[in-house]
Chemist: 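Below you will find the structure I want to go over with you.
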Amino acid sequence: MNLFSDDQRAADLRRLLKHYAHQYYVLDAPTIPDAEYDRLFRELQDLEREHPALQTPDSPTLRVGGQPLAQFDSVTHAVPMLSLNNAFSDMDAELPQTRHAELIQFDERIVRELDGAVVDYAVEPKFDGLAVSLIYEHGVLTLAATRGDGVSGENVTANIRTVASIPLRLNVEPAPALLEVRGEVLMLKKDFEALNASQAGRGDKTFANPRNAAAGSLRQLDSRITAARRLSFFAYAIARIDGAPWPLTHRDEMDWLERLGLPVADADLRPVVTGAEGLIAYYEGVMARRAALPYDIDGVVYKVDRRDWQERLGFVSRAPRFAIAHKFPAEEALTVVEAIEEQVGRTGAVTPVARLRAVAVGGVVVTNATLHNEDEVRRKDVRVGDTVIVRRAGDVIPEVVSVVLERRALAADGQPLAAAYRLPGVCPVCGSHVLREEGEAIARCSGGFACRAQRSQAIQHFAGRRMMDIDGLGERYVDNLVALDYVRGVADLYRLTLDDLLEMKRRADERDGVTPETVKQGQVATRWAENLLAGIEASRQPPLERLLFALGIRHVGESTAKTLADSLGRLSLIRRAPAAVLATLPDIGVVVARSLAEFFAEASNVEALDQLLLFVSPCDEHDPAPGLAGKLTVAALLARLGVPRLTEVRSQQLAERVAGITALADLDRRAVLDLGLPAEVVNALADWLDEAGRRAALHALGDYLDELLSQVDPDAVAAPLPLDGKTLVLTGTLPTLSRDQARALIEAAGGKVAGSVSKKTHYLVAGEAAGSKLDRAVELGVAVLDESALLAMLSPPVAEGE
DNA sequence: CTCCCTCGAGTTCT
DNA sequence: CTCGAGGGAG
């Protein structure tokens, strides 16, 4: 046989196999016996093995999977994979007319936007699976990627090729040069049950629901495993077409995809309906059919059918306005509260948690549900022994909806057996007092670092991925390190040796009654310990903002930490900063500023930080931000000192009358009263100044300012940022920049990005399909920029000639 | 002083 | 994901 006839034969086999597979998997009507199919398949496999050049990217032999990958490559989506807005508030209201009211409002809004047109909606089930994007080049499947964060996902082409119902080559000649299809990978209910049965038979772990099974199967690095799982796919949109006209309606789009050989929902499940009544009827109809469908759905989707209207409606922030998800109400289940226990969080927050008799809700078995706080428990009146309705809020977090009072156990006198819940007065972990601030919902353990729970969680927080990012330091290990006293403060992590870790592990195992006497387990322990030490070592030069975040200061999260690091630049300046200075920084007010100042004033924190700095130093310290000098005005500081009656305006007036902070500290009572301000203001100020320690604190503030300003790089001051002090708002889709990129550029240029247009907005940056923000900007007379105008502004202003 | 938005913190299960 | 609290705008 020569290569030419092999080539012919391979092509024939591919065509035949594709045809039979389509009959079998897509049309569900096999036309030849399985054995015959297998014979043809093996013949093609043999041919390709003999002549690897004969294997084409659409060969059915790829369906059985190939060599495992080391990891998935990242793929950037040319068209972002947006999620749909779920515009309907929780369907708590069981009243049908309430549900309908929201649908009617949705329809009315769309009709209004389209100037009163009669709107047809293409409606379809919302598959409960994983969104993927498929790219066909000249008809051949060349790339498949997961949704990821919507901007970029993972390359899962090898796995997707094993999904039988996905065509490797489109059924059309000539094929469009490029077609990008969006759809959902899922597992049919029957395939899920079969998979779990076989997993259980082999003693492997079973999956909680079809969605998890599909996710677990698609994310296999070894595509042969994926091939052994039965995944399905349904297309629901086209993202890009090149070389073929875009169908004029969504319905046409789906019909066309079906003709190309792509699986789409059954035609009777995706009708085109008109008006709110059509939507209502469809929603109710699908809900009734839900259980009988071969796959799980979590709602339905409504899309404006006409493409030109879709474009007219455009996008709001990250979601299209022409399409909307209407989720079914969360599934609910009845179970019994076996106990109410308290958890202690990193900040000492004591949270009641309901321990529930295990119950399946929405595909997973739930045993715990947070009760949030004492008031919440009392409001719902949850008591031990009660039968409660549980659901998964947003289909994720378990939540106790309400108590079934009729089922409450009563004593002979008709009183409930169990008492109303009360939060304990002492910490369940350390026994310290539990205190609840006036007006706050949350009670806190006062034990601080002395409380083992808080210590342990502070260390977990420190090691977390967005903080110091220490690999190998999971919850269980931290708990053990803390419980067995190998680690008291975060600095102790850096003193751990291999021997310490192995000894700790041994003692923990002993305590738990585990006997890891096999050699292999010893090796595992050593590997873990070495891995952890390497992770700790690698964390010694963190960016300053991560170190700050890692310290776990109350009210200081990722964003506040970044503000501090950007503005002050050095830990030595941040840790000594007076609260008044901190409170002048953007988005830091008096509460956060005080929290910071108190943290750094506390001796035990200072000690712990100094210890930590023996091992760790920030890698990116820099001079304080040049813009700081302009913002740290005497007036701004005065307004943030916490002097009663000293408002912003009065601070301004006062600042004009004193030479500076230090000068104010040195004024005696008489001089203060002579300042020429309203009597009530100067009286309050004089009294305030006379309180113990005030003048010393002001001197310290003055000294700190001198020091801080001496460190501001004078050259940087000379080059003001182009958008300094400007507030911008982004709307619509920019031609080349993503929202995050645009934001980063604006911030780098000293500007601020706000969420909504107001009088104080300096510029609105509008892209394609700008929405209501543009209207509002025009209304308020706010300048509107397009992307190129924005980019032009970002380059530093050109000095004008003398 | 009151709204609105963003940030922080807590939480579940695989 | 959801709640509560803080910050800033009106």
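Bear in mind that the values here come from a model prediction, so they are computed numbers and not experimental data. Protein chains get the first letters and strands the later ones, always in sequence-line order, with residue 1 at the start of each.
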Chemist: As a test of reading the structure: which of B:dT14, B:dC13, C:dG4 is closest to the side chain of A:N212, going by heavy atoms?
Modeler: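 When the side chain of A:N212 is considered, B:dT14 is the closest of B:dT14, B:dC13, C:dG4.
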Chemist: Without decimals, in angstroms, what is the distance between A:Q199 CD and B:dT14 P?
Modeler: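 Atom-to-atom, A:Q199 to B:dT14, this comes out as 15 Å.
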Chemist: Kindly write out the residues that satisfy side-chain contact (heavy atoms from CB on, under 4.5 Å) with A:T584, not counting sequence neighbours, or none if the list is empty.
Modeler: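 Listed in chain order: A:L632, A:A636, A:L637, A:R640.
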Chemist: Among B:dC13, B:dG8, B:dG10, find the nucleotide with the atom closest to the side chain of A:V366.
Modeler: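 Per side-chain heavy atoms of A:V366, the pick is B:dC13.
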Chemist: I want to verify a distance call: between C:dG6, B:dG8, C:dG4, whose nearest atom is closest to the A:A441 side chain?
Modeler: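 Nearest to the side chain of A:A441 among the choices is C:dG4.
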Chemist: Please report, rounded to the nearest Å, how far the P atom of C:dT2 is from the NE2 atom of A:H372.
Modeler: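 Answer to the nearest Å: 10 Å.
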Chemist: Atom NE2 of A:H555 and atom P of C:dG6: how far apart are they, to the nearest Å?
Modeler: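 Value for this atom pair: 5 Å.
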Chemist: Answer yes or no: is there an ion pair linking A:E338 with A:R355, defined by an N-O contact shorter than 4.0 Å?
Modeler: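 Not counted as a salt bridge, because no side-chain N and carboxylate O are separated by less than 4.0 Å.
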Chemist: Can you tell me if the side-chain N/O atoms of A:N368 get under 4.0 Å from OP1 or OP2 in B:dC13?
Modeler: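 For A:N368, the contact criterion (side-chain N or O under 4.0 Å from OP1 or OP2 of B:dC13) is met.
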Chemist: Residues in side-chain hydrogen bond (donor to acceptor under 3.5 Å, both in side chains) with A:E193, at least two apart?
Modeler: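 Counting only residues at least two positions away or on another chain, A:E193 forms no side-chain hydrogen bond (donor to acceptor under 3.5 Å, both in side chains).
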Chemist: When the distance from CG of A:N373 to C1' of C:dG4 is rounded to whole Å, what number comes out?
Modeler: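 Those two atoms, CG and C1', are 9 Å apart.
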Chemist: Could you check which residues of residues 581-588 of chain A get a heavy atom under 4.0 Å from DNA chain C? Sort them by number, please.
Modeler: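 Residues of residues 581-588 of chain A under 4.0 Å from DNA chain C: A:P586, A:D587, A:I588.
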Chemist: How close or far is atom C1' of B:dT12 from atom CG of A:L371, stated in whole angstroms?
Modeler: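 That distance rounds to 13 Å.
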Chemist: Kindly state whether the ring of A:F207 and the ring of A:F192 have centres lying under 6.0 angstrom apart.
Modeler: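 No, ring centres 6.0 Å or more apart.
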Chemist: Whole Å only: how far is the CZ atom of A:R436 from the P atom of C:dG4?
Modeler: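 Nearest whole value for this atom pair: 11 Å.
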Chemist: Taking salt bridge (Lys or Arg N to Asp or Glu O under 4.0 Å) as the cut-off, I'd like each qualifying pair that reaches into residues 454-473 of chain A, sequence neighbours left out, listed once.
Modeler: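 Only A:R466-A:E558 qualify under salt bridge (Lys or Arg N to Asp or Glu O under 4.0 Å).
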Chemist: Would you kindly give the CD-to-P distance between A:Q457 and B:dG10, to the nearest whole Å?
Modeler: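 After rounding, the reported distance stands at 7 Å.
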Chemist: Return the set of residues passing side-chain hydrogen bond (donor to acceptor under 3.5 Å, both in side chains) with A:N209 (not counting sequence neighbours), or none when no residue passes.
Modeler: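 Applying side-chain hydrogen bond (donor to acceptor under 3.5 Å, both in side chains) to A:N209 gives none.
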Chemist: Establish, with yes or no, whether the OP1 or OP2 oxygen of B:dT11 is under 4.0 angstrom from a side-chain nitrogen or oxygen of A:Q343.
Modeler: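 The answer is yes; a side-chain N or O of A:Q343 sits under 4.0 Å from OP1 or OP2.
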Chemist: Tell me which nucleotide among B:dG8, C:dG6, B:dC13 gets nearest to the side chain of A:V591.
Modeler: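 Minimum distance to the A:V591 side chain belongs to C:dG6.
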Chemist: So, is A:T367 near the phosphate of B:dC13, with a side-chain N or O under 4.0 Å from OP1 or OP2?
Modeler: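 A:T367 to B:dC13 OP1/OP2: side-chain N or O found under 4.0 Å.
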Chemist: Return the value, rounded to whole Å, for the distance between atom CD of A:E475 and atom P of B:dG10.
Modeler: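 Rounded to the whole Å, the gap is 13 Å.
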Chemist: Considering residues at least two apart in sequence or located in another chain, which fulfil the ring pair (Phe, Tyr, Trp, His ring centres under 6.0 Å) criterion with A:H461?
Modeler: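 A:H461: ring pair (Phe, Tyr, Trp, His ring centres under 6.0 Å) contacts with A:F549.
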Chemist: Report yes if a side-chain nitrogen or oxygen of A:R346 is closer than 4.0 Å to either non-bridging phosphate oxygen (OP1 or OP2) of B:dA9; otherwise report no.
Modeler: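 The answer is yes; a side-chain N or O of A:R346 sits under 4.0 Å from OP1 or OP2.
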Chemist: Where the side chain of A:T347 is defined as all heavy atoms beyond and including C-beta, which of B:dA9, B:dT11, B:dC7 is the nearest nucleotide?
Modeler: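 Out of B:dA9, B:dT11, B:dC7, the nucleotide with an atom closest to A:T347's side chain is B:dA9.
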